[in-house]
*Asks:* 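I'd like to ask some things about the structure below.
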There are 2 protein chains.
Amino acid sequence: MEEKDISQAVISRLPRYFRYLGELRDEGVERISSQELSELMKVTASQIRQDFNNFGGFGQQGYGYNVEFLYKEIGKILGLDKTHNLIVIGAGNLGQALGNYMNFEKRGFILRGMFDKNPDLHGKAVRGIPVQPMENIESFVRENNIDIAVLTIPKTSAVDVAEVLVNNGIKAIWNFAHVDLNVPEGIQVENVHLSDSLMKLSYNLERYNKENTK
Amino acid sequence: MEEKDISQAVISRLPRYFRYLGELRDEGVERISSQELSELMKVTASQIRQDFNNFGGFGQQGYGYNVEFLYKEIGKILGLDKTHNLIVIGAGNLGQALGNYMNFEKRGFILRGMFDKNPDLHGKAVRGIPVQPMENIESFVRENNIDIAVLTIPKTSAVDVAEVLVNNGIKAIWNFAHVDLNVPEGIQVENVHLSDSLMKLSYNLERYNKENTK
DNA sequence: AAAATAATGTCAATGAATTGACACAATAAA
DNA sequence: TTTATTGTGTCAATTCATTGACATTATTTT
């Protein structure tokens with residue numbers, strides 16, 4: 001498995017392939033050509049082949065791709081064959097929603113701890129995992145082999161908490177706080193800036209309306 | 001305001017500019033050069049100037065950009081000077097989290113209705129907005145000038161609900177369901193596929209670990 | 001078993017996005 | 001008022017991403 005330097009554009013498309021292949025597999029489809037898949041997903045067949053080839057040939061000329069095999073391979077590329085230990089920091093609605101989401105567990109992302117600064121929430125459990133005070137984060141991260149921290153706290157505290165996490169060995173942060181975290185090289189941050197997404201929708205909405213009313 | 005065809009790559013960056021400019025304004029900064037902003041935001045100055053110029057010149061040679069003015073202009077481009085009426089469909093944790101998020105209201109996105117198929121939730125209020133049964137969606141959308149529907153329901157029902165929405169005049173859908181909606185031309189869809197985002201983080205985490213353990 | 005068909009992997013061509021360079025206009029300094 | 005500096009707007013160059021084309025190899029049909 002000699003992965004070179006794959007562009008993030010390609011990586012961003014992998015989960016979508018994974019989803020479609022999973023659905024095909026569930027429907028009992030055994031093989032599929034890039035052409036068929038391209039019609040289903042509304043992308044070019046060329047892009048599909050190009051994308052898969054970044055990771056070596058998964059298909060066979062004259063046959064196409066084996067759905068089950070390809071599904072599993074992409075899962076492996078995405079690291080879904082391994083278990084990842086998660087903690088959620090910020091147990092408000094959003095934190096609880098993410099903690100409760102069963103599908104993540106199905107993919108190997110296991111909720112190990114929840115933290116909040118609000119004492120009223122302490123002890124309250126999300127899927128059996130009790131909410132702890134923020135002070136516990138440091139030791140918990142160190143002692144429980146936590147891979148990913150989910151940040152669902154206001155931006156005012158996010159930067160500080162991120163620093164604590166990094167100092168205690170966190171390697172990946174899924175950041176829902178509306179702020180850019182400044183972490184050292186080698187720490188992975190994936191931002192989900194919901195309001196950015198909503199503003200983009202707003203732009204496109206306005207844009208289209210404007211275009212079609214003149 | 002002669003907007004041509006701006007690429008989505010540019011649009012995606014606008015909310016981040018907006019955020020930084022808002023913070024600068026709050027700090028009392030009056031002017032800023034593309035060079036200074038580029039250092040702050042860690043992008044190239046050239047990109048900043050190029051981006052802004054898509055919408056006409058906001059700056060002045062020898063001076064730079066007026067923070068307040070630029071902030072407001074970008075807000076207008078993003079449609080934040082107008083009010084948008086929202087409904088949230090799916091009043092689980094995620095739907096409630098989004099419905100409760102005050103910052104959206106600050107930007108003109110006003111929650112007008114919430115819907116869920118679970119009768120236990122009916123009548124329960126999120127910021128004064130009661131949860132209604134799904135059957136009410138059609139008339140509510142038609143009678144309340146709803147611009148944006150937020151879909152926080154399972155993928156199994158999302159496609160059908162989207163169709164109902166479109167049939168009743170919705171122009172924009174903020175889609176959190178893990179499925180691709182197939183809507184007619186002119187209906188804006190902004191997808192937030194959380195599990196895709198988590199998988200991308202997982203890939204980058206694995207990738208980096210692999211690279212640094214051999 | 002041979003011929004026809006299907007479909008990948010890959011290279012080349014095109015297109016899009018980003019960066020660099022600089023003329024020119026406004027500001028600030030002399 | 002004149003000169004020096006700053007910094008935009010914009011064009012050109014480069015880099016990156018996508019699409020198209022096709023040789024090659026496997027499968028299927030005759």
Side-chain angles (χ1 to χ4, degrees), chain A residues 1-17 20-21 24 29-74 77 200 203-204, chain B residues 1-17 20-21 24 29-74 77 200 203-204:
Chain A
M1 196 171 286
E2 32 25 269
E3 290 162 36
K4 291 247 251 358
D5 220 30
I6 319 282
S7 82
Q8 288 295 308
V10 174
I11 306 306
S12 300
R13 286 193 291 266
L14 292 183
R16 187 155 179 264
Y17 291 131
Y20 273 85
L21 289 165
L24 287 167
V29 178
E30 274 183 15
R31 56 182 267 192
I32 195 162
S33 67
S34 57
Q35 182 58 41
E36 290 170 293
L37 192 54
S38 83
E39 283 159 18
L40 199 61
M41 296 185 63
K42 291 174 183 147
V43 295
T44 62
S46 185
Q47 179 163 78
I48 291 175
R49 296 203 296 277
Q50 196 79 281
D51 281 352
F52 292 168
N53 255 81
N54 281 295
F55 306 96
F58 294 142
Q60 208 156 23
Q61 294 179 334
Y63 175 88
Y65 299 89
N66 179 291
V67 170
E68 175 76 28
F69 175 74
L70 186 54
Y71 174 77
K72 284 199 176 138
E73 287 300 312
I74 294 179
I77 292 167
K200 192 160 165 249
Y203 171 87
N204 285 321
Chain B
M1 199 169 285
E2 31 26 86
E3 290 162 37
K4 292 246 247 8
D5 220 29
I6 319 283
S7 83
Q8 289 294 309
V10 174
I11 306 306
S12 300
R13 285 192 290 267
L14 292 183
R16 188 155 178 265
Y17 291 132
Y20 273 85
L21 289 165
L24 287 166
V29 178
E30 275 184 12
R31 55 184 267 193
I32 195 162
S33 67
S34 59
Q35 183 57 40
E36 290 170 293
L37 192 55
S38 83
E39 283 159 17
L40 199 61
M41 297 184 62
K42 289 171 185 152
V43 298
T44 62
S46 184
Q47 180 164 78
I48 291 175
R49 294 203 296 276
Q50 197 78 281
D51 282 351
F52 292 167
N53 254 81
N54 280 296
F55 306 95
F58 293 141
Q60 209 157 22
Q61 293 178 332
Y63 175 88
Y65 299 89
N66 179 290
V67 171
E68 176 76 27
F69 174 74
L70 185 55
Y71 174 77
K72 285 200 175 136
E73 285 302 311
I74 294 179
I77 292 168
K200 193 159 164 250
Y203 171 87
N204 284 320

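Chain identifiers are assigned alphabetically (A, B, ...) following the order of the sequence lines, protein sequences preceding nucleic acid strands; residue numbering begins at 1 within each chain. Values in this document were obtained by computation on a predicted structure and should not be read as measured data.
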*Asks:* S34(A) side chain N/O closer than 4.0 Å to the phosphate oxygens (OP1, OP2) of dT8(C)?
*Replies:*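 Checking dT8(C) against S34(A), a side-chain N or O does come within under 4.0 Å of OP1 or OP2.
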
*Asks:* Would you please confirm or rule out a distance under 4.0 Å between OP1 or OP2 of dT18(D) and any side-chain N or O of R13(A)?
*Replies:*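 Looking at the OP1 and OP2 atoms of dT18(D), one of them is under 4.0 Å from a side-chain N or O of R13(A).
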
*Asks:* So for S46(B) and dG20(C), does any side-chain atom that can act as donor or acceptor lie under 3.5 Å from a complementary atom in the base?
*Replies:* yes

*Asks:* Do the side-chain N or O atoms of R31(B) get closer than 4.0 angstrom to the phosphate oxygens (OP1, OP2) of dT6(D)?
*Replies:* no

*Asks:* Describe the nucleic acid contact of S33(B) in one word from base, sugar-phosphate, nothing, applying a heavy-atom distance below 4.0 Å.
*Replies:* sugar-phosphate

*Asks:* Between N53(A) and Q50(A), is there a donor-acceptor pair closer than 3.5 Å when you use the side chain of the first and the backbone of the second?
*Replies:* no

*Asks:* Rounded to the nearest Å, what distance is computed from the CZ atom of residue F52(A) to the C1' atom of nucleotide dT10(C)?
*Replies:*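 Nearest whole value for this atom pair: 16 Å.
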
*Asks:* Once you round it to whole Å, what is the distance between P of dA7(C) and CG of L37(A)?
*Replies:*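 Interatomic distance, CG of L37(A) to P of dA7(C): 13 Å.
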
*Asks:* Parallel, tilted or perpendicular, judged at 30° and 60°: which one describes the rings of Y17(B) and F52(B)?
*Replies:* perpendicular

*Asks:* Nearest nucleotide by nearest heavy atom, which residue falls closer to the 5' end of DNA chain D, Q47(A) or Q35(B)?
*Replies:*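 The residue mapped nearer the 5' terminus is Q35(B).
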
*Asks:* Given atom CE of M41(A) and atom C1' of dT18(D), what is their separation to the nearest angstrom?
*Replies:* 15 Å

*Asks:* Quick check: any donor-acceptor pair below 3.5 Å linking the side-chain of Q61(A) to the base of dT27(D)?
*Replies:* no

*Asks:* Just the rounded figure in Å: distance from P of dT10(D) to CG of N54(B).
*Replies:*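 Rounding to the nearest Å, CG of N54(B) and P of dT10(D) are 11 Å apart.
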
*Asks:* So T44(B), base contact, sugar-phosphate only, or nothing? Heavy-atom distance under 4.0 Å.
*Replies:*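 Counting heavy atoms under 4.0 Å across all strands, the contact made by T44(B) is with sugar-phosphate only.
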
*Asks:* Quick one: label Y65(A) by what it contacts on the DNA or RNA (base, sugar-phosphate, nothing), any heavy atom closer than 4.0 Å.
*Replies:*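 The residue Y65(A) makes sugar-phosphate contact but no base contact.
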
*Asks:* Closest nucleotide of DNA chain D for G62(A) versus for D51(A): which of these residues is on the 5' side?
*Replies:* D51(A)

*Asks:* Once you round it to whole Å, what is the distance between P of dT8(D) and CG of N53(B)?
*Replies:* 10 Å

*Asks:* So do F55(B) and I74(B) actually touch side chain to side chain, heavy atoms under 4.5 Å?
*Replies:* no

*Asks:* Expressed in angstrom and rounded to an integer, what is the separation of I6(B) atom CD1 from dT18(C) atom P?
*Replies:* 13 Å

*Asks:* Atom CD of Q8(A) to atom P of dT18(D): distance rounded to whole Å?
*Replies:* 13 Å

*Asks:* Return yes if a side-chain donor-acceptor contact under 3.5 Å exists between E36(A) and S33(A), otherwise no.
*Replies:*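 Judged by distance alone, the side chains do pair up.
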
*Asks:* I want to confirm an ordering. Mapping Q60(B) and E36(A) to their closest nucleotides on DNA chain C, which one lands closer to the 5' end?
*Replies:* E36(A)

*Asks:* Between C1' on dT10(C) and CD on Q50(A), what's the gap in Å once rounded to a whole number?
*Replies:*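 Q50(A) atom CD is separated from dT10(C) atom C1' by 7 Å.
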
*Asks:* Given 3.5 Å as the limit, does a donor-acceptor pair link the side chain of R16(B) with the main chain of M41(B), or not?
*Replies:*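 Between the backbone of M41(B) and the side chain of R16(B) there is a qualifying donor-acceptor contact (under 3.5 Å).
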
*Asks:* Indicate whether OP1 or OP2 belonging to dT8(D) is found under 4.0 Å from a side-chain N or O atom of R49(B).
*Replies:* yes

